[in-house]
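We use all heavy atoms of the structure for the numbers below, so side chains are in, but hydrogens, waters and symmetry mates are not.
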Amino acid sequence: MPKFDRPQPPVFERVEDERLYRKQHLAAAFRLFGRFGFSEGTAGHITARDPEFTDHFWVNPLGKYFGHIRVSDLILVDSHGEVVKGNAPVNRAAFAIHSQIHEARPDIVAAAHAHSLYGKSWSSLGRLLDPLTQDACIFYQDHALFDDYKGVVLDTSEGKRIAEALGDKKAVILKNHGFLTAGSTVDAAAWWYISFERSSQAQLLAEAAGKPVPIDHEIATLTHSQVGTDSGGWFSFQPLYERIIEEEPDLLN
């Protein structure tokens, strides 16, 4: 069987170049989330760990529409929740959740959370996704359920419990709230969110139409190993990145 090599995430010699890359891809992820309808009022956030100050993360400013965010709009927040670069406030829930995830998982560069329609719908069921399709196998035995909703997350203690529920997985369903995904690149975290949302939509449609038949454990496990790697998540995001910077180049400003 022939071997097909595919591009891998870039490796940088200069921290300044890596920081710019992460910020550009973070701004692009926000624009795409806006395109996909994941923006709802002031809710939702994607974070990217700074490559030099690793207990700091870049995030969207509170109240800025996803579809308008540029690189220059991103703010840098430290481990105490203080904005150290930028002129806008940070979403308190973004700090309470993401700070604890970044602290608990040094391997995570980025985490994404939004109040998207199918994520909210699926989260109300208090169930994990089933391996109904090849794409859903991305998350097979690689996502968790946080079953402890107590209102808007404003305290880091609840963020810590969410991080504990996530564990070493790529996604967590926040019951009665929505989804959160994480990855070793901004691209992977964003792609996991998009794919998780669409897989939940597919299962909701399948169950509304009839009784779907899941993929068996052995094949679902194999498929996860083929489509669920972080490098694969990074690569799957690249066509979307190329499209959005072609159509909305101002996001790089």
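- Here the side chain of Gln24 pairs no donor or acceptor atom with the backbone of Leu252 at under 3.5 angstrom.
- With Ser195 contributing its side chain and Trp192 its backbone, the two residues share no donor-acceptor pair below 3.5 Å.
- In this structure a side-chain-to-backbone donor-acceptor pair under 3.5 Å is present from Gln203 to Asp130.
- Scanning both residues, Ser199 and Leu129, for their nearest heavy atoms gives CB-CD1, 4.0 Å.
- Considering only heavy atoms from C-beta on, Arg6 comes within 4.5 Å of Ser231 through its side chain.
- A 6.0 Å sphere centred on CD of Gln134 holds no more than 12 heavy atoms belonging to other residues, nucleotides or ligands.
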Item to check | His56/Lys85 under side chain to side chain contact (heavy atoms under 4.5 Å, CB included): CA gap, chis, key distance, verdict | outcome: CA-CA 10 Å; His56 292 43; Lys85 286 189 182 298; over 6 Å; no

Next on the checklist: Between Arg35 and Glu247, is the side chain to side chain contact (heavy atoms under 4.5 Å, CB included) condition met? List the steps.
Outcome noted: CA-CA 12 Å; Arg35 285 270 188 108; Glu247 295 177 354; 2.6 Å; yes

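- Under the 30°/60° scheme for interplanar angles, the aromatic rings of Tyr241 and His25 are found to lie parallel.
- At a threshold of 4.5 Å between side-chain heavy atoms, the hydrophobic network of Ile, Leu, Val, Met, Phe, Trp and Tyr places Val59 and Leu174 in two separate groups.
- By the 6.0 Å contact criterion, CD on Glu246 is open, its count of non-hydrogen atoms from other residues, nucleotides or ligands being 12 or less.
- Scanning all heavy atoms of the two residues, the minimum distance from Asn176 to Ser124 falls at ND2-CA, 3.8 Å.
- Classification of the Phe139-Phe196 ring pair by plane angle, with boundaries at 30° and 60°, yields tilted.
- Under a hydrophobic-cluster definition in which Ile, Leu, Val, Met, Phe, Trp and Tyr are linked whenever side-chain heavy atoms come within less than 4.5 Å, directly or via other members, Trp122 and Phe36 are assigned to the same cluster.
- Salt bridge status for Arg70 with Asp250: absent, with no side-chain N to carboxylate O gap under 4.0 Å.
- Between the CG atom in Leu240 and the CG atom in Asp187 there is a gap of 10.0 Å [rounded to 0.5 Å].
- By the 4.5 Å heavy-atom criterion applied to side chains, Gln100 and Glu158 are not counted as neighbours.
- Annotation: side chain of Ser184 is not in contact with side chain of Asp107 (no heavy-atom distance under 4.5 Å).
- Although no hydrogens or angles enter the test, the distance criterion places no donor-acceptor pair under 3.5 Å between the side chain of Ser236 and the main chain of Gly233.
- Scanning both residues, Ala189 and Ala112, for their nearest heavy atoms gives O-CB, 4.1 Å.
- To the nearest 0.5 Å, atoms CG (Asp142) and SG (Cys137) are separated by 11.5 Å.
- Between Asp135 and Arg198 no salt bridge is recorded (no basic side-chain N to carboxylate O distance below 4.0 Å).
- For the atom pair CG (Leu180) and NZ (Lys170), the distance works out to 13.5 Å, reported to the nearest 0.5 Å.
- Closest heavy-atom contact between Ala190 and Ala29: CB-CB, 3.9 Å.
- Within the 4.5 Å cutoff, side-chain heavy atoms of Pro51 are placed close to those of Arg22.
- In terms of modelled atom types and a separation under 3.5 Å, the side chain of Thr42 and the main chain of Gly63 share no donor-acceptor contact.
- Remark: side-chain polar atoms of Arg105 are paired, donor with acceptor, to backbone N or O of Lys169 under 3.5 angstrom.
- Side-chain atoms of Asp230 never come within 3.5 Å of backbone atoms of Ala188 as a donor-acceptor pair (strictly under, hydrogens ignored).
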Checklist entry - Where do His102 and Phe57 land on the ring pair (Phe, Tyr, Trp, His ring centres under 6.0 Å) test, with the steps shown first? => result CA-CA 8 Å; His102 284 288; Phe57 56 79; 5.5 Å; yes

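- Ala27 approaches Leu74 most closely through the heavy-atom pair N-CD1, 4.4 Å.
- Only one option out of Trp58, Tyr65, Phe66 pairs with Phe30 in a ring-ring contact (aromatic ring centres under 6.0 Å, His included); it is Phe66.
- Between Arg19 and Phe53, the closest side-chain pair of non-hydrogen atoms falls below 4.5 Å.
- Ile173 and Leu132 fall into different hydrophobic clusters, defined by Ile, Leu, Val, Met, Phe, Trp and Tyr side-chain heavy atoms under 4.5 Å apart, directly or through other members.
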Checklist entry - Can you list the steps and then say if His115 with His177 is a side chain to side chain contact (heavy atoms under 4.5 Å, CB included)? => result CA-CA 7 Å; His115 291 187; His177 188 169; 3.2 Å; yes

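- Transitive grouping of hydrophobic side chains (ILVMFWY, heavy atoms separated by less than 4.5 Å) brings Leu128 and Phe179 into a common cluster.
- Within the model, atoms CG of Leu32 and CH2 of Trp191 stand 10.0 Å from one another, a figure rounded to the nearest 0.5 Å.
- Between the side chain of Asn60 and the main chain of Asn91, no donor-acceptor pair closer than 3.5 Å is present.
- Closest approach of Asp78 and His80 over heavy atoms only: OD1-N, 2.9 Å.
- With a 6.0 Å radius and a threshold of 12 heavy atoms from other residues, nucleotides or ligands, Arg243 has its CZ atom at or below the threshold.
- To the nearest 0.5 Å, the span separating OG1 on Thr156 from CD on Glu103 amounts to 9.0 Å.
- At most 12 heavy atoms of other shown residues, nucleotides or ligands fall within 6.0 angstrom of atom CG in Asn87.
- Ile108 and Phe95 fall into different hydrophobic clusters, where Ile, Leu, Val, Met, Phe, Trp and Tyr residues are linked whenever their side-chain heavy atoms come under 4.5 Å apart, directly or through other members.
- For the pair Ser116 and Tyr193, the minimum side-chain heavy-atom distance is below 4.5 Å.
- More than 12 heavy atoms of other residues, nucleotides or ligands shown are found within 6.0 angstrom of CD on Glu16.
- Using the six-membered ring where Trp is involved, His45 and His113 have ring planes that are tilted, between 30° and 60° apart.
- Using a 4.5 Å cut-off on side-chain heavy atoms (C-beta onward), Ser121 and Leu204 make contact.
- Taking 4.5 Å as the limit, every side-chain heavy atom of Ser225 sits out of range of all side-chain heavy atoms of Tyr140.
- In this structure, CD in Gln226 is found 11.0 Å from OG1 in Thr221, a value given to the nearest 0.5 Å.
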Checklist entry - Would Phe33 and Ile46 satisfy side chain to side chain contact (heavy atoms under 4.5 Å, CB included), going step by step from the backbone distance to the final call? => result CA-CA 10 Å; Phe33 274 32; Ile46 313 173; 3.7 Å; yes

